[in-house]
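Working notes for the structure below.
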Amino acid sequence: MRGTPTLIGVAAEKIPIDMPKFFRRAAAINEIAYLGPEPDRWRSPSEFALKNAQEPDHFIDLERVSWLDPLPQGRYEFYRKLYEKRAGDHRPS
């Protein structure tokens, strides 16, 4: 995770010109670089509730949803498709 803040800092330095100016200040870039990997810090087994609450937003195992093509653009549409599939898989024959 040591390289992550550096990569995020470089990305923050390249923020599009149409973004608010305060994002391009050095202090903001440093803060973005520091806070960017925050979800990774929550993955610690000692932070069980945080780990479980944020994991669905931080990672997706595409192999487990290969049947879902195309992948929905939004989280809630994705959840709806999962629920529909689960309901269909449990219907009596």
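We count residues from 1, following the sequence as given.
Annotation for Glu38: atom CD counts as buried by contact number, over 12 foreign heavy atoms lying within 6.0 Å.
Atom CG of Leu82 sits about 10.5 Å away from atom CD of Glu77, to the nearest 0.5 Å. The distance from atom CD1 of Ile8 to atom CG of Leu35, rounded to the nearest 0.5 Å, is 9.0 Å.
A single hydrophobic cluster is not seen to contain both Ile15 and Val10; linkage of ILVMFWY side chains at heavy-atom distances under 4.5 Å, directly or through other members, places them apart. Residue Tyr83 is grouped with residue Leu68 when hydrophobic side chains (ILVMFWY) are merged at heavy-atom distances under 4.5 angstrom, including chains of intermediate members.
Nearest heavy-atom pair across Trp67 and Lys81 is CH2-O, 3.8 Å. Met19 and Arg24 make their closest contact through O-NH1, 2.8 Å (heavy atoms, listed as atom of the first residue, atom of the second, distance). The shortest non-hydrogen separation linking Pro5 to Pro37 is CG-CG, 4.0 Å.
In this structure, Tyr79 and Tyr76 have perpendicular ring planes: the angle between them is above 60°, well past the 30° mark.
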Extract all donor-acceptor atom pairs below 3.5 Å that involve side chains of residues 25-32 and protein atoms in other chains or at least two apart in sequence.
residue	atom	partner	partner atom	Å
Asn30	ND2	Ala26	O	3.3

